[in-house]
Amino acid sequence: MRLTKQSVTLLYLSSCKIFANLLFLYGFFSFGYNDSRTSTPNDIPSIIWPNKNDSEPWRFDTRRLYHKSVNKVVLMVIDGIRYDFFTESEFNVYMPFSTDLIKQNQSCLFRTRVNAPTVTMPRIKALTTGTVPNFIDLVLNLDSSAVKQDSIIHQARAANKRVIFYGDETWLKLFPNSFVRHDGTTSFFISDYTEVDNNVTRHLENELKPTADWDIMILHYLGLDHIGHTGGPRSTLMPNKLSEMDNIIQRIVEYMDSEKSELPSVLIVCGDHGMRDNGGHGGSSIGEVMVPLFVYFKNKKCGGSINEEIMQTDFVPSISVIMGQPIPSSSTGKLINKILQFLSINEILFAYHYNTHQMFTNYVSKKGLLNKAFMDNYDHAVLYYYEWLKRETVSIKQAHRVISLYESAMNGMRNYIIASISKFDVFLIIVSIVLSIQVWLLLIDFDAVNIKFIKISRFVYLMLIRWAICVWLQCDSVLCEFTITFNLLASVIITMFIINLGSFDWSHSTFFRLEINDSDNNLFYVLPGTLIHVLSLFSSSYIEEEHQLLYHLWTGFSAIQVYKTFVMQSYTTTAKWVVSMILHRFCKNLNIIGNQWSGVYSLGDWFRESQNKIYLSTLMVIGLCSIFYACINIYLVAKNKKRFHILSKIIFVLYFWTLCSVYMYRVETKELPVPYGYNVLKLIFCLNSWTIAWYLLIGCHIFLVIKQSDRYNNKFNSAVCSMIILLMLRLSLLLRPHNILVPAVLVYTCKLLQFKSWNTLTITILHYWLSLMFFFYQGNSNSVGTLDIVPGYIGQTTYDPVVAGIHIFTHTYGFPMLVYLFLALDQKFSGLQKLCVLNVTQSCVYNFVILLFRNHLFIWSVFSPKLLYIVIFTSTTYIFSAITVILLTLCRTFTKKELEI
């Protein structure tokens with residue numbers, strides 16, 4: 001038993017492409033950015049001297065101008081709360097106390113914009129450091145490490161302030177040993193929306209006493225976000241949760257009002273991020289990026305609902321000023337004027353001068369130019385402020401002019417600083433694209449590949465070329481860092497380059513020849529369709545609405561098949577294609593995705609409404625029955641209709657058992673109505689019984705595969721069919737109830753494409769389209785906000801990130817994997833090779849798009865999320881291909897051509 005030349009080549013090229021993807025990600029995302037500078041009281045300006053040639057400096061009395069102006073600070077973070085929860089009547093009716101405070105101008109409500117990615121860890125960083133976290137923090141969100149940048153928490157500790165914390169344990173990971181008292185709650189049990197908040201609130205009884213010894217109390221509530229993940233912002237559970245949050249706000253306000261201190265205390269309520277209409281977050285839709293900032297000062301009028309939009313990072317310098325502590329060094333936030341209105345005009349002007357001076361220092365450290373228009377505003381602001389200080393009479397009009405100039409200067413400097421954070425390693429990006437193109441050329445002309453050993457002389461030449469490029473162009477790239485680590489990396493890349501270049505045998509190339517069957521003119525439709533799909537990646541709007549293009553491409557192909565089969569008087573096949581079109585339309589309407597139709601009421605929304613549970617239950621039964629029938633049908637193919645009658649009966653019972661357990665699990669989560677005999681059924685078909693049955697099925701199917709004969713590819717077919725069945729049963733547990741019919745539609749569609757006398761490329765392209773379409777059908781999109789993390793925690797009693805990651809990956813990419821398995825079942829190795837070509841084609845083109853549009857306005861909100869999806873899709877495809885190649889080898893399933901060495 002040994003691998004053939006083609007198998008080894010495919011495994012090698014798969015490794016090359018995955019490696020190229022990692023290089024591209026490393027070059028595109030700023031992994032190494034970290035500002036370790038820390039502000040100190042000495043950074044607070046002590047003099048102002050606009051013109052050192054003809055004037056004397058003005059010396060500030062910083063103790064009088066910059067000091068603590070509040071007694072206690074309460075920061076209440078409500079995870080996932082949207083801005084419209086405070087402004088729209090359908091939501092704020094459940095928050096009467098907070099709403100009344102806003103209407104009576106006793107508090108301020110700011111419309112706050114947050115930057116993508118809208119997930120918790122990078123948003124906490126923004127709230128505490130004033131910086132815009134890197135987009136790669138989206139990936140690192142599940143494994144938070146200590147913040148190394150300067151922050152308001154660090155400054156509070158340096159000022160010997162007593163900080164306490166209760167809530168999301170992410171804070172404890174980001175700021176270890178920073179709180180005098182704390183109690184963390186895990187944020188990864190999405191189904192828990194009660195205890196996770198009660199564990200925070202129970203501490204208020206002791207902390208809201210007259211003898212409380214804390215200066216800053218941070219509360220982070222998770223329940224509202226968890227409700228959003230499971231049911232969206234309009235879940236039936238949301239009103240009670242909003243009322244609960246309102247009661248907590250009232251409780252804190254009443255405590256502050258009862259305090260006997262000269263300085264007022266302040267309550268700040270904000271969201272780390274919002275949520276989409278489907279409850280997810282991570283992207284850049286309005287619901288995700290618009291959050292409230294609610295501010296209440298004891299016995300002070302604030303201004304009610306403020307029309308001005310602020311940035312989330314603006315919170316950092318504002319809270320630093322009223323607490324009288326240094327502004328974190330790397331902060332990009334600018335002061336919120338309304339929060340400072342209780343200070344004197346002298347204190348406000350000094351605060352603006354300090355904030356702008358701090359940002360100017362940051363701007364200069366990033367090599368910002370001084371000849372910009374906004375820098376002229378900074379110079380003028382300093383000059384006018386100096387003149388204002390020297391005047392004996394206070395001019396409010398002049399003060400507002402100074403503030404306006406300072407704000408204009410800060411806007412310009414902030415935009416530059418944020419842009420400078422994202423530094424692209426263009427050299428590494430180009431190298432990764434070239435490596436991907438090499439893989440593409442070798443895959444597309446697979447039969448001409450002849451892997452050879454490398455020549456040392458070529459290796460030396462390329463290493464010298466690398467050195468020359470680095471020295472001549474003075475590249476700021478990791479490939480130009482001549483350390484042991486990066487020299488080793490360069491050696492691996494150059495070795496792959498030499499192997500790839502030397503492996504292409506032009507004498508046997510069939511690159512310019514395309515074999516098309518006379519009976520298969522479908523290729524003249526699917527090839528232009530694929531070209532259109534690839535070219536659409538150059539448009540941000542088409543990326544957002546990619547699902548629409550794919551659906552119409554598939555509908556067009558289906559319509560052609562309806563016409564062809566009708567003309568051929570094959571009415572049964574015609575009817576099958578018509579049914580397929582109807583089913584696909586149904587699947588498309590289950591989940592409305594994309595920005596163009598964001599917020600549109602979907603069929604899935606209708607099924608999820610409480611009054612429609614009976615219809616959802618009916619759909620669930622139909623879907624589970626369809627999966628049961630599909631499993632039996634596929635099993636008969638795997639068994640090859642021979643022997644094992646007792647085993648077959650056992651397997652069918654286990655199929656039934658797992659699917660019944662799925663139904664009862666959804667009853668337990670209150671998504672379906674309680675059936676007759678519920679008390680007995682929940683004991684028989686519990687979630688543990690599903691796990692036992694599923695693992696028993698694994699054993700049964702392994703036994704089935706081992707006992708199959710090697711003739712006619714029976715062993716391989718049996719193995720693939722077993723994988724399809726087991727994956728379908730796993731997906732039936734992970735899928736949302738309204739999506740339960742989608743797997744059956746997928747099986748039905750793939751069966752339509754089996755055993756056709758079409759060109760292998762045609763069949764592969766159609767399967768590739770289907771893999772993307774069903775990815776979108778279940779509610780996924782090219783936005784991170786639609787990533788459903790709820791399936792990651794099904795069946796978990798203690799949080800295990802590995803299990804959660806496997807569940808989320810299986811749920812997200814399960815349908816594409818099913819389609820690939822059907823392709824492997826039908827086309828074997830040749831289908832895999834062409835599938836890899838299609839994936840690497842899209843990847844190469846999109847890598848070029850990213851390089852071309854790296855300074856595009858939507859690079860982080862649209863192009864970057866799509867990049868992550870493509871990288872994961874491509875890597876998944878190649879890992880799947882490698883597993884299938886190994887399976888083909890183990891089952892000895894080869895054609896005569898594939899056996900040639």
Aromatic ring pairing F863/H856, orientation class (parallel under 30°, perpendicular over 60°, tilted between): perpendicular

K17 and S436: side chain donor to acceptor below 3.5 Å: yes

Atom pair CD1 (I870) and OG1 (T877), whose distance is rounded to the nearest 0.5 Å: 11.0 Å

Flag for T841-W440: side-chain donor and acceptor within less than 3.5 Å: yes

Lys/Arg N to Asp/Glu carboxylate O, K751 vs D826, below 4.0 Å: no

Residues, nucleotides or ligands: over 12 heavy atoms within 6.0 Å of F586 CZ: yes

Contact check, side chains of F424 and N855, non-hydrogen atoms, under 4.5 Å: yes

C721 side, atom SG; L726 side, atom CG - distance, nearest 0.5 Å: 11.0 Å

Taking every non-hydrogen atom, the tightest pair across S284 and V289: CA-CG1, 3.6 Å

Pair Y748-S580, side-chain donor/acceptor within less than 3.5 Å: no

Side chain E288, main chain G282, donor-acceptor under 3.5 Å: yes

Flag if over 12 foreign heavy atoms under 6.0 Å of CZ, F538: yes

Test item: P743 and L735 side chains (from C-beta on) under 4.5 Å apart, heavy atoms: yes

Side chain to side chain contact (heavy atoms under 4.5 Å, CB included) between S14 and I879, worked out: CA-CA 7 Å; S14 300; I879 292 172; over 6 Å; no

Distance, nearest 0.5 Å, that separates CG of L818 from CG of L727: 4.0 Å

N/O donor-acceptor pair under 3.5 Å between Y878 side chain and C836 backbone: yes

Near-ring test W554/F776, centroid separation under 6.0 angstrom: no

NZ/K613: more than 12 non-hydrogen atoms of other groups inside 6.0 Å: yes

Polar contact flag, side-chain donor to acceptor under 3.5 angstrom, Y663-S617: yes

Contact summary for S830 and T760, nearest pair of heavy atoms: OG-CG2, 3.8 Å

Expected output: side-chain R276 to main-chain P233 donor-acceptor under 3.5 Å: no

Beyond-backbone contact of F24 with L867, side-chain heavy atoms, under 4.5 angstrom: yes

Shortest non-hydrogen contact from S781 toward T786: OG-OG1, 2.9 Å

Within 6.0 Å of OH in Y525, more than 12 heavy atoms from elsewhere: yes

Where K834 and T764 come nearest, the two heavy atoms and their spacing: C-CG2, 3.7 Å

Chi angles and distances behind the side chain to side chain contact (heavy atoms under 4.5 Å, CB included) call for L734, R730: CA-CA 7 Å; L734 301 178; R730 171 65 68 172; 4.1 Å; yes

Under 3.5 Å: donor-acceptor pair, side chain of S235, backbone of G232: no

Salt bridge (Lys or Arg N to Asp or Glu O under 4.0 Å) between R82 and E88, worked out: CA-CA 10 Å; R82 305 187 343 171; E88 297 297 326; over 6 Å; no

Sequence-distant partners of S539, side chain to side chain contact (heavy atoms under 4.5 Å, CB included), two or more places apart: S541, Y542

Worked verdict on L887 versus V720 for side chain to side chain contact (heavy atoms under 4.5 Å, CB included): CA-CA 9 Å; L887 194 61; V720 172; 4.2 Å; yes

Parallel, tilted or perpendicular, as decided by the 30° and 60° cut-offs, for the rings of Y869 and F775: perpendicular

Listed partners of S570 passing side-chain hydrogen bond (donor to acceptor under 3.5 Å, both in side chains), at least two apart: T573

R234 with D605: basic N within carboxylate O range, under 4.0 Å: no

Geometric class of the F774/Y777 ring pair [parallel <30°, tilted 30-60°, perpendicular >60°]: perpendicular

Residue pair Y571, W577: steps toward the ring-ring contact (aromatic ring centres under 6.0 Å, His included) verdict: CA-CA 10 Å; Y571 300 124; W577 279 104; over 10 Å; no

Whether T618 side chain and I614 backbone form a donor-acceptor pair below 3.5 Å: yes

Polar side-chain atom of S875 near backbone of I872 as donor-acceptor pair, under 3.5 Å: no

Expected output: side-chain S864 to main-chain I859 donor-acceptor under 3.5 Å: yes

Derivation and outcome, side chain to side chain contact (heavy atoms under 4.5 Å, CB included), residues L25 and N21: CA-CA 6 Å; L25 289 178; N21 286 341; 5.6 Å; no

E671/R608 salt bridge by N-O under 4.0 Å criterion: no

Distance-only donor-acceptor check, side chains Q561 and N522, under 3.5 Å: yes

N589 side chain reached by S602 side chain, heavy atoms, under 4.5 Å: no

Which pairs would a plain distance check flag for residues 765-772, meaning a side-chain donor or acceptor within less than 3.5 Å of a matching protein atom at least two apart in sequence or in another chain?
| from | atom 1 | to | atom 2 | distance (Å) |
| --- | --- | --- | --- | --- |
| H767 | ND1 | I763 | O | 2.8 |
| Y768 | OH | Q842 | OE1 | 2.8 |
| S771 | OG | Y768 | O | 2.6 |

From H547, Q778, H738, residue fulfilling side chain to side chain donor-acceptor pair (under 3.5 Å) relative to N591: H738

F880, F815, Y813, F873 screened by ring-ring contact (aromatic ring centres under 6.0 Å, His included) with Y820, the one that passes: F880

Close side-chain approach of I627 to L659, heavy-atom, < 4.5 Å: yes

Considering all heavy atoms, the nearest L549-S536 contact: CD2-OG, 3.7 Å

N612 side-chain N/O to W606 backbone N/O, donor-acceptor pair under 3.5 Å: yes

From CD1 (I593) to CG (N782), nearest 0.5 Å: 8.0 Å

F566, CZ: over 12 other non-hydrogen atoms inside 6.0 angstrom: no

Point-to-point distance, once rounded to the nearest 0.5 Å, from SG of C16 to CG of L23: 10.5 Å

Sidechain-backbone polar pair: R736 side chain, T230 backbone, donor-acceptor under 3.5 Å: yes

Check: F809 main-chain N/O paired with T812 side-chain donor or acceptor under 3.5 Å: no

Closest approach of V885 to L10 (non-hydrogen atoms, all atoms of both residues): CG2-CD2, 3.6 Å

Inter-residue atom distance L851.CG - I433.CD1, 0.5 Å rounding: 4.5 Å

